[in-house]
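Taking it in order: structure first as structure tokens, then the write-up.
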Amino acid sequence: MDSSIPNLVTAYEEFKSSTEIDIAPGERRKIIHPSSMKNSKLEELITFLIDWINATLKQDHIVVQSLEEDLYDGLVLHHLLAHLGNIKLHVEEIALSINAQKQKLNIILDAANQLLQVTEDDNLNWSTELIHKKDLISTLHLLVAIAKHFKPDIRLPQNVCVETLILEIDKTGIKTVKHLEYITEESDDTEQKQIPEADGINDLFKLGPDKVKIVQQAMLHFTNKHLGGLGVVVKDLSTQLHNVTFVLELLKERGLLKYPVNPEDIVNLDSKATIRILHCMFAKYKDK
């Protein structure tokens, strides 16, 4: 017997015990190996996509915290396509029943596939059934495809590769096959060095207002230190940054802005977005 089989069975049992998803006899499913769920590059991609979706849908007051849990019913995908592709679909805003959710999701994915110019014959990595089952692999593949199509210049984390288990249950037991799967494109070592690491801003805002205030003061000191020669003094980070769109474009051109930030967030006094921009410059120039 293959010595790896007991480990695969254990992984499957761990997977079942940690999720509400089950696999029916005769069904063939692909899951992320539990060990890969702690992969730093996978975590980076998930954080990046969540931030990008939330920045895109902020005016709709939609906040995504979990990709698989928040996208399975079609609501977020519907709004995302409406903003990115100016797509108007005749579907109900909130679908409550399982059948209604699947019908809505099917319409949305059909529209997305048309925009992406792909068909089921292309062996797609996503489907209505998989997205509705909260399949993380399928959800990631779909979001990456949408992001690359509508935002071709978006700096997605590269070399995101996970170990997957292809599972199938029959009368003889559990059949398992290991497989390495790339979620984003491979790159050479030079490109890989340019992949942004998590900037920690989201974690900062989870620590409480006192910690945020300390970082704000540090960013304020850094800003005034470099603007002093121009006779500019900043007393309030949230209200004294102008020409936001122009500044963001400059930061993108110089490769300093590693995470998506909407100009509207700065104008609307979003402290997290403001600190994120200043932190990018601080990380680059603090020793210069």
Side-chain angles (χ1 to χ4, degrees), residues 11-34 36-37 42 45-47 49-50 52-54 56-58 60-85 87-116 118-147 149-150 162 164-171 174-176 181 183:
Y12 168 68
E13 293 298 335
E14 290 177 356
F15 171 78
K16 283 187 63 178
S17 64
S18 63
T19 68
E20 297 178 356
I21 301 175
D22 202 354
I23 301 176
E27 184 181 4
R28 193 169 184 267
R29 290 287 304 280
K30 180 168 60 178
I31 64 172
I32 298 177
H33 193 288
S36 277
M37 289 301 297
L42 176 62
L45 176 63
I46 291 174
T47 298
L49 290 172
I50 288 176
W52 172 62
I53 293 172
N54 288 337
T56 304
L57 301 184
K58 182 165 186 177
D60 292 347
H61 306 291
I62 291 177
V63 178
V64 170
Q65 296 180 324
S66 166
L67 294 181
E68 61 269 43
E69 292 291 337
D70 293 339
L71 272 73
Y72 80 98
D73 63 354
L75 174 65
V76 173
L77 288 172
H78 181 199
H79 281 257
L80 199 58
L81 289 181
H83 278 277
L84 296 175
I87 303 298
K88 294 183 179 180
L89 301 175
H90 298 291
V91 294
E92 52 187 320
E93 178 70 6
I94 299 178
L96 299 178
S97 70
I98 292 177
N99 286 336
Q101 289 171 356
K102 287 185 177 181
Q103 289 174 3
K104 175 180 179 178
L105 189 57
N106 191 57
I107 293 173
I108 293 169
L109 290 186
D110 281 346
N113 291 341
Q114 289 181 20
L115 291 170
L116 297 174
V118 295
T119 66
E120 293 182 359
D121 295 333
D122 296 320
N123 296 319
L124 300 179
N125 290 310
W126 60 83
S127 68
T128 298
E129 195 68 25
L130 289 174
I131 298 294
H132 191 264
K133 284 184 176 180
K134 305 177 183 180
D135 185 284
L136 180 58
I137 301 177
S138 297
T139 304
L140 288 172
H141 277 301
L142 174 61
L143 289 175
V144 168
I146 291 175
H149 178 79
F150 289 104
V162 296
T164 64
L165 296 175
I166 300 176
L167 306 173
E168 187 173 1
I169 303 177
D170 59 20
K171 294 180 180 179
I174 304 171
K175 295 181 180 180
T176 59
E181 182 164 343
I183 307 297

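We're numbering straight along the sequence, starting at 1.
Side-chain contact between Glu68 and Lys133: absent, with no pair of heavy atoms (C-beta onward) separated by less than 4.5 Å. Considering only heavy atoms from C-beta on, Asp73 stays 4.5 Å or farther from Lys104 through its side chain. You'll find the side chain of Leu142 stays beyond 4.5 Å of the side chain of Leu71, heavy atoms only. The side-chain heavy atoms of Tyr72 and Thr139, taken from C-beta on, include no pair separated by under 4.5 Å. Leu67 places a side-chain heavy atom less than 4.5 Å from the side chain of Ile50.
Contact detail for Trp52 and Leu143: the closest heavy-atom pair is CZ3-O, 4.3 Å. Considering every non-hydrogen atom in both Leu105 and Gly74, the closest pair reads CD1-CA, 3.9 Å. In plain terms, the two heavy atoms of Ser36 and Leu42 that are nearest each other are O-CD2, 3.4 Å. The minimum heavy-atom distance between Asp70 and Val63, with the atom names listed, is OD2-O, 4.3 Å. Closest approach of Leu57 and His83 over heavy atoms only: CD2-CD2, 3.4 Å. Nearest heavy atom pair, residue Trp126 against residue Ala145, reads CH2-CB, 3.8 Å.
Rounding to the nearest 0.5 angstrom, the gap separating the NE2 atom in His78 from the NZ atom in Lys88 is 10.5 Å. Atom OG1 in Thr164 sits 10.0 Å away from atom NE2 in His33 (nearest 0.5 Å). Atom-to-atom distance recorded for Leu130:CG and Leu136:CG is 11.5 Å, nearest 0.5 angstrom. For the atom pair OG1 of Thr128 and CG of Asp110, the computed distance is 6.5 Å after rounding to the nearest 0.5 Å. Rounding to the nearest 0.5 Å gives a distance of 10.0 Å between CG of Leu115 and CG of Leu84. Distance check, rounded to the nearest 0.5 Å: CD of Gln103 to CD of Gln101 gives 10.5 Å.
Asn54 places a side-chain N or O within donor-acceptor distance of the main-chain N or O of Val64, the cut-off being under 3.5 Å.
More than 12 heavy-atom neighbours from other residues, nucleotides or ligands sit within 6.0 angstrom of CD on Glu93.
Shown are Leu165, Asp135, Val162; of these, the side-chain contact (heavy atoms from CB on, under 4.5 Å) with Ile32 is made only by Val162.
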